[in-house]
Visitor: 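Shown below is the structure under consideration.
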Protein chains: 2
Amino acid sequence: MFAKPIAVNKLILQLIVIMNNTTLKKISEMLGLSISTVSRALKNHPDISDKTKLRVTELANALDYEPNANAVHLRTSKNNLFGLLVPTVANFFYDSFIAAVEEECRKSNYSLMILQSGDEPAIELENIKLCRQNRISGLFACITSQTVDLDPYLKLNGLDIPVIFFDKVPDDNTCNKVCVADAVSATIAANTILKNKKKKVVALFGNRNLSITKKRLAAFDIAINRKIKTTVLYANSTAEAEELTTQSLIENPDTLFCMSDEILAGAMKAVQRARLLVPKDISVISISNGFIPKLYFPEITYVETSGYKLGKLAFSSMMACLAGSTFVQELTIESVLVKGGSI
Amino acid sequence: MFAKPIAVNKLILQLIVIMNNTTLKKISEMLGLSISTVSRALKNHPDISDKTKLRVTELANALDYEPNANAVHLRTSKNNLFGLLVPTVANFFYDSFIAAVEEECRKSNYSLMILQSGDEPAIELENIKLCRQNRISGLFACITSQTVDLDPYLKLNGLDIPVIFFDKVPDDNTCNKVCVADAVSATIAANTILKNKKKKVVALFGNRNLSITKKRLAAFDIAINRKIKTTVLYANSTAEAEELTTQSLIENPDTLFCMSDEILAGAMKAVQRARLLVPKDISVISISNGFIPKLYFPEITYVETSGYKLGKLAFSSMMACLAGSTFVQELTIESVLVKGGSI
DNA sequence: CTGAAAGCGCTAACAC
DNA sequence: GTGTTAGCGCTTTCAG
């Protein structure tokens, strides 16, 4: 075999580089430098001469070099990755939560791995496993409605991976949680009803086994305190809410209270079906993320439980944990009354 | 230094393992096996004896071993990761698209990295870079409304990383795209209006610079073919749609056509404000993802442009590319008319 | 049936 | 100012 002229070797090298991904090694070979010099040059390390830095960065740019995140993470054992578990992303509460978390992640140079459980514990478990395999730095989790075994989550904590539960949180009080202020929201709504001198309210709640339902109902009850006639109904879906509302309208209530957006959507359909004018014929007030109430005219008055704000809070709580805070806490976002024209 | 009894060594080893993450090395040391044997045992390799397999898997389970995804990916140079770029996840079209893609990813053992651009080209660029660093296997991309430079995307293709554009796609026809059938949808809506013998329609479109607007308008115009009186209006937001609709109602149209959910939401607010009964006083028909139309009574008749279906289509298109198909194509999802009671 | 060894791409302590 | 070296955790020939 004859020795090939250097020029040809260089060309071959160049071709190889173009074909595959650029690596430090390839850059170093092309420049006749060591890998570490190239690495440092790219990081603008003070040890490296300006001349070398220039040569390196120019070639790196020309070859569109991007560091291999897997290699960096493996080496530094820092992943800058958060996991985020939701029942589904296709939901106007969760999607705004996700939007907020993603925004913050980008600002803080974290990546986000978003996983859907479909509200199934088996998939939830799979997803937690995936998170562990990816060596996430922390997890934002909304448990499924049937989750009983918290062990997989607690194990993460054991591995020094903070878990911030949001929205649907376990009762266990050794966990970090961020929630909407269920009790306060319901209280504000109830007080608004009383202040407006309403006399006969139909209060629509969700599945009565859900803790969110229990909390909101309890607070609502206390605030109303039997001062006015109240009919409490439980709907498991938007369709059921519509049906129950339609039935309850026979008794001519003067106010409809809806504990959530799903319920509100059903209730408003019933109101439209009955051709009632809001607020003349009937007043409406809801607890809501804010999107649905603004679809109607007049806009529905609601107590805001913002997924977006909750996301921001969850993120800051996560950062606090990562910064070493071992103080387990349950945080809530402030509830504010957003006035529409429906009461 | 004295040699320590084996029992103590084992205990120390065990402690170390508990403190940190379990690795193949640690398992192999505890069992007196080589790393490769442990690796193979865990993969149920036929070479390994059942006895060894049992010992290994038992310890691995006890220690909650999960393979380090970064190491696996680095070693195998297979990431099983897709990137997904959207303006925002907090949108009822994109969130259902994402839900569909995520579902399929899970089934096919892929992970998904979801990034929001906030409709800003600068962030879009950052996100593409992130994708490259993570050595994604493919990208689902919805470009920002101001994206002019397609080069970053084309470079991915150069690296054998397929890019499937969806929803907001570039004009360039060397790209793989999946879209809703804009023209067909608008045609179906127009024909439905004609078939119902409507005479005076107000057609509400979005920003007239958007290609989606142009396509839908052109097809709508052709289908209507000046057979009936048509007023075309352009709204840049839900609020503007409401305002324009309110003004247009003065002329007593018998039908409202809305080219999208954002427009529909505004138009319906105007209808409610004017206390018009649908469909007695006015008919309504829309192009929609399906969520908003079902909030009203009667439900709005719409031509479905499903984000969910688009997601499924995008995924299968991605898999085709990965399987080696170099056939660049623009796919569309079928448009179906979903009948409500609004026309 | 099991082990040794190389190497994926990168960082960082240590040498010179 | 630059190079050498070891090693992150894993897979996978190749030997035995």
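Given the structure is predicted, the values throughout are model-derived calculations rather than measurements. Residue numbering restarts at 1 for every chain, and letters A, B, ... go by the order of the sequence lines.
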Visitor: To the nearest angstrom, how far is B:L42 atom CG from D:dG9 atom C1'?
Guide: 13 Å
Visitor: Any protein N or O atoms within reach of nucleotides 1-3 of chain C? Criterion: under 3.5 Å, listing atom names and distances.
Guide:
unit_1: C:dT2; atom_1: OP1; unit_2: B:T52; atom_2: OG1; d: 2.8
unit_1: C:dT2; atom_1: OP2; unit_2: B:S49; atom_2: N; d: 3.1
unit_1: C:dT2; atom_1: OP2; unit_2: B:T52; atom_2: OG1; d: 3.3
unit_1: C:dG3; atom_1: OP2; unit_2: B:S34; atom_2: N; d: 3.0
unit_1: C:dG3; atom_1: OP2; unit_2: B:S34; atom_2: OG; d: 3.1
unit_1: C:dG3; atom_1: OP2; unit_2: B:T37; atom_2: OG1; d: 2.5
unit_1: C:dG3; atom_1: N7; unit_2: B:R40; atom_2: NH2; d: 2.7
unit_1: C:dG3; atom_1: O6; unit_2: B:R40; atom_2: NH1; d: 2.8
unit_1: C:dG3; atom_1: O6; unit_2: B:R40; atom_2: NH2; d: 2.8

Visitor: Using whole Å, report how far NZ of A:K26 lies from P of C:dG7.
Guide: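 That distance rounds to 15 Å.
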Visitor: For B:Y94, which residues count as a ring-ring contact (aromatic ring centres under 6.0 Å, His included) partner, sequence neighbours excluded?
Guide: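 Scan of B:Y94 (ring-ring contact (aromatic ring centres under 6.0 Å, His included), adjacent residues dropped) gives none.
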Visitor: In terms of relative ring orientation, are B:Y110 and B:F82 parallel, tilted or perpendicular, with 30° and 60° separating the classes?
Guide: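 Parallel: the ring planes of B:Y110 and B:F82 meet at under 30°.
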Visitor: In whole angstrom, give the distance that lies between atom NZ of B:K25 and atom P of D:dG7.
Guide: 8 Å
Visitor: Aromatic ring centroids of B:F166 and B:F97 under 6.0 Å?
Guide: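 Ring centroids of B:F166 and B:F97 are less than 6.0 Å from each other.
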Visitor: Using whole Å, what does the distance between atom P of nucleotide C:dC8 and atom NE2 of B:H73 come to?
Guide: 18 Å
Visitor: CG of B:N21 versus C1' of D:dC10: gap in Å, rounded?
Guide: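 Result: 14 Å.
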Visitor: Quick one: do B:E29 and B:K26 make a salt bridge, cutoff under 4.0 Å?
Guide: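 Not counted as a salt bridge, because no side-chain N and carboxylate O are separated by less than 4.0 Å.
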Visitor: Measure the distance from NZ on A:K43 to P on C:dG9 and round it to the nearest whole Å.
Guide: 16 Å
Visitor: So does B:D151 have more than 12 non-hydrogen atoms from other groups sitting under 6.0 Å from CG?
Guide: yes
Visitor: Could you tell me whether A:Y153 and A:F165 have their ring centroids closer than 6.0 angstrom?
Guide: yes
Visitor: Does a salt bridge link B:D64 with A:K155, judged by any charged N lying under 4.0 Å from a carboxylate O?
Guide: yes
Visitor: Looking at A:K312 and A:E103, is any side-chain nitrogen of the basic one under 4.0 Å from a carboxylate oxygen of the acidic one?
Guide: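 A:K312 and A:E103: salt-bridged.
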Visitor: Around atom CG of A:D171, are there more than 12 heavy atoms of other residues, nucleotides or ligands at under 6.0 Å?
Guide: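 Atom CG in A:D171 is not packed in, count stays at 12 or less.
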Visitor: Tell me: CG of B:N68 to C1' of D:dC10, nearest whole Å?
Guide: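 Distance check: B:N68 CG to D:dC10 C1' gives 8 Å.
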Visitor: For DNA chain C, find the residues of residues 125-136 of chain A with a heavy-atom distance under 4.0 Å and give them by number; none if there aren't any.
Guide: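 Of all residues in residues 125-136 of chain A, none places a heavy atom under 4.0 Å from DNA chain C.
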Visitor: Would you mind reading off the distance between A:N44 atom CG and D:dG1 atom P, rounded to a whole angstrom?
Guide: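 Taking CG of A:N44 and P of D:dG1, I get 13 Å after rounding.
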